[in-house]
Every structure is written in structure tokens, then in C-alpha cells.
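Whatever order the structure lists ligands and atoms in, that order sets their numbers, starting from 1.
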Amino acid sequence: MSDNAALSFPIGRRPELTELVEVAPGIHWIRMAIPIPGLEFINLWAIREDDGWTVVDTGTRSSRIQGWWQAIFDGAFEGKPITRVICTHFHPDHVGQAGFLCGRFGAPLWMTLTDWSFGRMLAAEASEAVPDYVVAFYRRIGFGEAALSFLGDRGFNNFARQVEPIPSQFVRIAEGDRLDIGGREWQVIIGRGHSHEHASLYCAEQGVLISGDMVLPKISPHIGVYPAEPDANPLKLFLDSLDSFRHLPAETLVLPSHGDPFVGLHTRLDQLAQHHDVRLTALKAFCTEPRTALDTMPVLFKRQLDMKHTFMAIGEAIAHLHYLVVDGSVEKFASADGVHRYRRTAIRADAA
Ligand SMILES: [Zn+2]
């Protein structure tokens, strides 16, 4: 199934659209197609409760996805209601249908405060016109007029278009919380860097981790810097967060949001850390001369990127550069043209 030979994928099959596949007693895998390039599917989880279902993550906003949900209500859910919606984080493929599901069943939304707030904020800030601070952010990166006009044409409502209105009320979950889901105890493990306060859920009794987007078997979770927090260092937060999963047993069954359920958590944590380490090393070598973030793209991304992907990828490039700025190996400065450049700091004898 998945092509990471160092991991094992014990489930052996994937659910068809609107089908539930039980991956551990009471825990069911739902797989939905989503219109996000490079992802294509999201995994959602339905955990059987005495009186209905707890659903973890929801899919992006679309009538097609609502149709699939309806088919699940009519079929696999056996007439039982959704009694709770948990969203691991605020990204549209996770929170996009929360408003629909919560509204349909009068079910509460459980999320972390930061991600619930940030999603609500992005939706509220949506506008046709791109705000000046956003244009200035991309100008400092070095984007020319063609790219800025692409940005202008796209508008500033990409997030809002992909989510049903996020419920106005929520139940807060936070690091270390122990939740009763399906009659078993699940522990909340917070991860940062991919989103601000991402909640993974771990059930020791069943040896199952719902990892969300923090640990994926095949792709490396997106780590980006965005205009709202231009000096962010999300890669440091992400790499530190990987350590929050190292105490879990090696045989843990990991249920990721993208890709297939797998065993081999520690191997995958090592692979992810190494993936970024390789890129950081390459960037350091490349920045012996002043470079813009755009200059670094071919170092990080081997294939040619179109404009849309360039805007996603540039955030990832800056995340790597900021990591190096904060750890002191690269300095960031504004050139006369106002564009930020990055240059290797003087190499110490002990740290080449
Ligand atoms: Zn995500």
C-alpha cells in the first residue's frame, strides 16, 4: 500500500467512500476525497459511543463531502447521531465540515483554544482584497509584480471558502487532558509547528494514536511561515514537538490524517527529523552568499512549481531559514531593495 518500506501497514485495505473500516475495536476509518493538491484524501475517525458517534476531523467544505456524510448517516452509522466532533486543528480539511456536523446533530465541537480561535479569525478576516500587510510580506520575500497580481486575483478568502462557518462555541481541549471517548481514556498530546496547537489523541489501552497531521507516513507535514506571524520559527516548534511522541510504545498503531495507518512510530519520527536536518544542512551550504528565500527554492524543492504551489512552498522555505536564523547559523537582513536576504554567519572553527 504505502511506499515507506521502514514502516508496516497492518490494515491491509482502505475504506471506499462512505464505508467504515474498523481498525481497532470501536475505532472506524473513514476516507474522503478532498480538493487539496498533493493530499487527495483525508482520513477521518469515528469512535462508537453508547449513544452515538464521536467523530475526529470532518473534511473540507463541499456539497460532495456533505453527500458522503449523509450516506454515512443513512448507512454505516446505523441511525445513531454524532454526539461530539473533535478537530485536531484548524486546517480546512479538518475543520471544514465541523459547522455542518455540529449543526446537524446539535453536537459540541471540541478543539484547542488556539486553533479554534485562529480558524475563526481567518474566516472573519476574509476579504476580496488582499490586505496591505500581506502584500508587503510577499514583497519583502522578493516576489515581483506578476506574482503579486496573482495574489491579488486570488483574493484573501481562500480559507473561508473551504470551511463551513466554524461553531461560535466550543469545548476546550489542552495538553495532557484525559478524555473519555467510547468508554476508554484518551490523552491529548499537543504538537506545534504544523498548526499552532494541534491535538493528537492517544489511547494507551488500545495502543492507538490518532496523530492528525503531526506524524504522517509518507509526506512530511507542511511547516510554513505566514504573513500573520512573519518572524515565526515553526520548524523549531515542530521538531521539538516530535519528542512529545517518543515515549509512546514502538508498537503503537498510528492513525494519520493522510496516508495509511501504520506501525513504526519511532522510525517515522526519526525520518521526519532527518528530512529537515538534510534540508537545513543544504540551506546552510547554499547561503554562503546572500540569498533570498525565492533563491533557495530549488535547493528544497526538486520539481518545478507553478505559482500556486510556489506560494505554499515559500512559507516552507522561510520556515527553514528562520530556524537557521534563530540558531545563529544564518543572518537575515533587508537589502536596499527592501527584500530580505539570508547569509551564513561567520563560520566558527568548531561548527562548520
Ligand atoms: Zn493540517
Novice: For the Zn ion (ligand 1), which protein N/O/S atoms are closer than 2.8 Å?
Specialist: H89 NE2, H91 ND1, H194 NE2, D213 OD2
Novice: On the six-membered ring of W116, is R172 placed so that its NZ or CZ lies under 6.0 angstrom from the centre and within 45° of the ring axis?
Specialist: no
Novice: Would you please indicate if the ring centroids of F73 and F105 are separated by under 6.0 Å?
Specialist: yes
Novice: I want to know whether F311 and F143 have ring centres closer than 6.0 Å.
Specialist: yes
Novice: Should the pair F118 and F90 be assigned to parallel (<30°), tilted (30 to 60°) or perpendicular (>60°) ring geometry?
Specialist: tilted
Novice: For residues H322 and K236, determine if any side-chain heavy atom of one lies less than 4.5 Å from a side-chain heavy atom of the other.
Specialist: no
Novice: Looking only at the side chains, is there a donor atom on one of D270 and Q274 sitting less than 3.5 Å from an acceptor on the other?
Specialist: no
